[in-house]
Engineer: 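Starting off with a structure, shown below.
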Number of protein chains: 2
Amino acid sequence: MRVRLEDVARATGVSPKTVSRVLNEEPSVKESTRQKVLAAMESMNYRPSPSARGLAGSRSFLVAMLYDNNDNPASTYLAEIQDGVLDACDAHRYSMMVCPLRVRDQDFIRRVDALVSDHHIDGVIVTPPLTDYAPLLKRLQEHGVPHASISPVNHEGVIGVCMDEQKAAKALVDHLLQQGHRRIAYIAGFANHGASRWRLNGYKDAMAAAGIAYDPKYVVQGEFTFGSGVLAARQLFTLAEPPTAIFAANDDMAAGVMWAANERGLKVPQDLSVCGFDDTPLATQLWPPLTTVRQPARDMGKLAALQLMELLRGRGTGLLVQVPYSLQLRESTAPAPREAPVKGRRKARI
Amino acid sequence: MRVRLEDVARATGVSPKTVSRVLNEEPSVKESTRQKVLAAMESMNYRPSPSARGLAGSRSFLVAMLYDNNDNPASTYLAEIQDGVLDACDAHRYSMMVCPLRVRDQDFIRRVDALVSDHHIDGVIVTPPLTDYAPLLKRLQEHGVPHASISPVNHEGVIGVCMDEQKAAKALVDHLLQQGHRRIAYIAGFANHGASRWRLNGYKDAMAAAGIAYDPKYVVQGEFTFGSGVLAARQLFTLAEPPTAIFAANDDMAAGVMWAANERGLKVPQDLSVCGFDDTPLATQLWPPLTTVRQPARDMGKLAALQLMELLRGRGTGLLVQVPYSLQLRESTAPAPREAPVKGRRKARI
DNA sequence: ATGAAAGCGCTAACAA
DNA sequence: TTGTTAGCGCTTTCAT
């Protein structure tokens, strides 16, 4: 029925333990033996049983991806991360389990235990905002399960992947400033996401560098959702001196801003420039297409998982890899209305 | 360290086998014994080892969700399905693995084998268009692994969940007809998705019932993507008699139509009515909000998974559950321009 | 309705 | 560099 390790051993004329060594890439196997065993495995179509390995040994070749289920980023973002993690798993013959966590539930720890200790999970990929949720990290450490983080706030002794979001946000706001905007508003996301703070800091940096005093009237709290973007924008529109440009901390909220602008009869970008962050598919599906910062989510998922596996396979300790951002300047931003309403070529493309 | 079944047995004063019986809900256990064991499990915080169960027994309490990786529906749709499946897993103490499949790869079967046979997967949730991909279904059957389908084309002997998409599509087109539209175009999705055909049939039904001859000029092939919606719409706009309404087979393509309309300077809905299908988050994020058919993706994922588990737990054979659709009439549709351009109240809301 | 023994397929600790 | 002996924690016989 099933080809077992023992069958391979018999076919090769070595002991089961030696086959096991080859399987686990242990160094102390003679090269010729290794080749023989490998050939037999291949020809017999041998595939080890994860259950048996998990039960007998300390590894399961299983990683889990954790995300926050009631306070998460856009589902398109998570889906891309997930695809990237799966890419990496594929490359290293790991399997992936997915685990949504509700941080508010007290049953939270039980879920982590159930996953990590029951399934002998080898390692975990943590997505925002769980990356910095102390009770989770503590529990993982207690279990001795290593993790890689996507965009963690705290970089100390953490592996995974990050981006210089503050610099990216500054570059984006610099772009608005160059276009003559002075009254630039910022819509923040949830405070427990590093993204909210980094992007706010980038905004502040750019404004300060341009010699514009920070004005809290132009900074509104949002929740990373489309609806919160609508509400924040409505609020900004009622100001005595409404902004000529709005920088929303993510694309979903930026879409909400554009929606609210439509509602109010404001033309984007003629009356109002709008930009977001992440470059989710939504950004190019809006009209006009949204100026934003590209965050390579799929690559980030893959890189984080690769760092984790590097560590798991004892190949190294894993790194916190920094990926580059890139500005996506599209048609939702234009020169400020009062300054110089240049009517440039503005034909949108997909 | 770990609380084992044996520990529970000792604490309760019964044999390990009896504890096992309770764990597996076997009928032949005296109720009082059952309660005692259950209480001990609870108080000792006993959780069985999936590896050990998988190795020793025939079940793994693991289900896998399969999706097509290079020809899939919108990621928001899949993400919702996935959340629904996880809900159901949670309720029945199953774990879920996720497996993207590339149908074109010849390595396809190997991946199914790796998942299903290596991990002793108990059952599989299959999403469109894999639901009707014969080589996959055949392989699953060879492995003796049951599956539940989301919106399968073939309903024979299949369990899972479906919707009467043809009727829904007809109702949607009926709505357009009632508004006085006569030149209504349809943008199809990939042909291997049942959704493409059902929705086309619904379109045909409605047109026929209204006494309008089927005109292939108004039916364009798309690919379920935003970009293909743009291209299809551009093509329709060049017709001598362009449509006054366009029904796209999903929301993403409908968004593409609205984008192309903007590009061409057409006002939606004054010059052109647009509707989609699925009611993804995008539908309410567009301006104007999109008229579409609500497909309760999360519920569908959950229901399909519940049917599968029903079957796995020997509680029954599982059903093909039909979920109701509902029309979401929003501001992207309005009376046809030539007939009677009624300027009704048209204030959009979130 | 319950229990005793054997073993699932692999790895750990030790030995050679 | 390789082999031997015990288990991992559970379910399967088969017995009572």
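To find a chain, count down the sequence lines: A is the first, B the second, and so on, and within it residues start at 1. As the structure is a computational prediction, the values presented were derived from the model and not from experiment.
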Engineer: Does any donor atom in the side chain of T33(B) or R21(B) lie under 3.5 Å from an acceptor atom in the other side chain?
Structural biologist: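 No, no side-chain donor-acceptor contact under 3.5 Å.
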Engineer: Once ring pair (Phe, Tyr, Trp, His ring centres under 6.0 Å) is applied, do any residues pair with Y94(B), and if so which ones, sequence neighbours excluded?
Structural biologist: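 With sequence neighbours excluded, Y94(B) shows a ring pair (Phe, Tyr, Trp, His ring centres under 6.0 Å) to F61(B), given in chain and number order.
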Engineer: Below 4.5 Å, heavy atoms only, C-beta onward: do L115(B) and L66(B) meet side chain to side chain?
Structural biologist: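 SC-SC contact between L115(B) and L66(B) confirmed.
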Engineer: Please work out which residues in residues 46-58 of chain A have a non-hydrogen atom less than 4.0 Å from an atom of DNA chain C and list them by number.
Structural biologist: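 DNA chain C contact set from residues 46-58 of chain A: Y46(A), P48(A), S49(A), A52(A), R53(A), A56(A), G57(A), S58(A).
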Engineer: With heavy atoms of chain A within less than 4.0 Å as the criterion, where does contact along DNA chain C begin and end?
Structural biologist: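 Contact span on the strand: dG9(C) to dA13(C).
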Engineer: Identify, with sequence neighbours excluded, every residue that meets ring pair (Phe, Tyr, Trp, His ring centres under 6.0 Å) alongside Y46(A).
Structural biologist: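 Partners of Y46(A) under the ring pair (Phe, Tyr, Trp, His ring centres under 6.0 Å) test: none.
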Engineer: Evaluate side chain to side chain contact (heavy atoms under 4.5 Å, CB included) for T317(A) paired with I159(A), printing each intermediate quantity in order.
Structural biologist: CA-CA 8 Å; T317(A) 53; I159(A) 69 167; over 6 Å; no
Engineer: Using a strict cut-off of less than 4.0 Å between a Lys/Arg side-chain nitrogen and an Asp/Glu carboxylate oxygen, indicate whether D7(B) and R4(B) qualify as a salt bridge.
Structural biologist: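 Salt bridge present between D7(B) and R4(B).
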Engineer: Do T131(B) and V126(B) come within less than 4.5 Å of each other through their side chains, counting heavy atoms only?
Structural biologist: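 Yes. Closest side-chain heavy atoms under 4.5 Å.
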Engineer: Please enumerate all protein N or O atoms sitting under 3.5 Å from an N or O of nucleotides 14-16 of chain D, with distances to 0.1 Å.
Structural biologist:
none

Engineer: Please state whether the phosphate of dG3(D), meaning OP1 or OP2, lies under 4.0 angstrom from any side-chain nitrogen or oxygen of T18(A).
Structural biologist: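 So the side chain of T18(A) is within the cut-off, an N or O lying under 4.0 Å from OP1 or OP2 of dG3(D).
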Engineer: Do N45(A) and R47(A) have side-chain heavy atoms sitting under 4.5 Å apart?
Structural biologist: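 With C-beta onward as the side chain, the pair touches.
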Engineer: Taking atom P in both dC10(C) and dC14(C), what distance in whole Å separates the two?
Structural biologist: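 The same atom, P, in both gives a distance of 23 Å.
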Engineer: Toward the 5' end of DNA chain C, which comes first, K17(B) or R59(A), by nearest nucleotide?
Structural biologist: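 Its nearest nucleotide being more 5', the pick is K17(B).
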Engineer: Heavy atoms within less than 4.0 Å of DNA chain D: which residues of residues 30-43 of chain B have one? Give them sorted by number.
Structural biologist: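 Under 4.0 Å from DNA chain D: no residue of residues 30-43 of chain B.
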Engineer: List in chain and number order the residues that pass ring pair (Phe, Tyr, Trp, His ring centres under 6.0 Å) with F224(A), two or more places apart in sequence or in another chain; answer none if no residue qualifies.
Structural biologist: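 For F224(A), the residues satisfying ring pair (Phe, Tyr, Trp, His ring centres under 6.0 Å) (neighbours in sequence not counted) are H193(A).
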Engineer: D113(A): what forms a side-chain hydrogen bond (donor to acceptor under 3.5 Å, both in side chains) with it, not counting sequence neighbours?
Structural biologist: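 Result, side-chain hydrogen bond (donor to acceptor under 3.5 Å, both in side chains) vs D113(A): R139(A), H143(A).
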Engineer: Residues of residues 4-14 of chain B with any non-hydrogen atom less than 4.0 angstrom from an atom of DNA chain C: list those, numerically ordered, please.
Structural biologist: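 Within this stretch, V14(B) sit under 4.0 Å of the strand.
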Engineer: Answer yes or no: is there a donor N or O on one side and an acceptor on the other, between the side chain of R111(A) and the main chain of P100(A), under 3.5 Å?
Structural biologist: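 Side chain of R111(A) to backbone of P100(A): a pair is present.
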Engineer: For a 4.5 angstrom cut-off between non-hydrogen side-chain atoms, does M65(A) reach L86(A)?
Structural biologist: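 SC-SC contact between M65(A) and L86(A) ruled out.
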Engineer: Check the surroundings of atom CD in Q322(B): do more than 12 heavy atoms from other residues, nucleotides or ligands lie under 6.0 Å from it?
Structural biologist: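 Atom CD in Q322(B) is packed in, count exceeds 12.
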Engineer: Tell me, do V22(B) and V14(B) make a side-chain contact under 4.5 Å, heavy atoms counted?
Structural biologist: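 Sidechains of V14(B) and V22(B): no contact.
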Engineer: Using both pair distances under 3.5 Å as the test, note the stems of at least 3 consecutive Watson-Crick or G-U pairs that include DNA chain D.
Structural biologist: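 Counting only runs of 3 or more consecutive pairs, the stems involving DNA chain D are C:1-11 with D:6-16, C:13-16 with D:1-4.
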Engineer: Answer yes or no: is there a side-chain heavy-atom contact under 4.5 Å between L137(B) and H147(B)?
Structural biologist: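 Side-chain contact under 4.5 Å: yes.
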Engineer: By the ring pair (Phe, Tyr, Trp, His ring centres under 6.0 Å) test, which pairs, at least two apart or in different chains, include something from residues 95-128 of chain A?
Structural biologist: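 Listed once each, the pairs are F108(A)-Y133(A).
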Engineer: Can you find a side-chain donor-acceptor pair between R53(B) and N24(B) that sits under 3.5 Å?
Structural biologist: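 A pair is found: one side chain offers a donor N or O, the other an acceptor, under 3.5 Å apart.
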Engineer: Taking only residues two or more places apart in sequence or in another chain, which ones pass side-chain hydrogen bond (donor to acceptor under 3.5 Å, both in side chains) with Q82(A)?
Structural biologist: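 Checked Q82(A) against side-chain hydrogen bond (donor to acceptor under 3.5 Å, both in side chains); matches are Q82(B).
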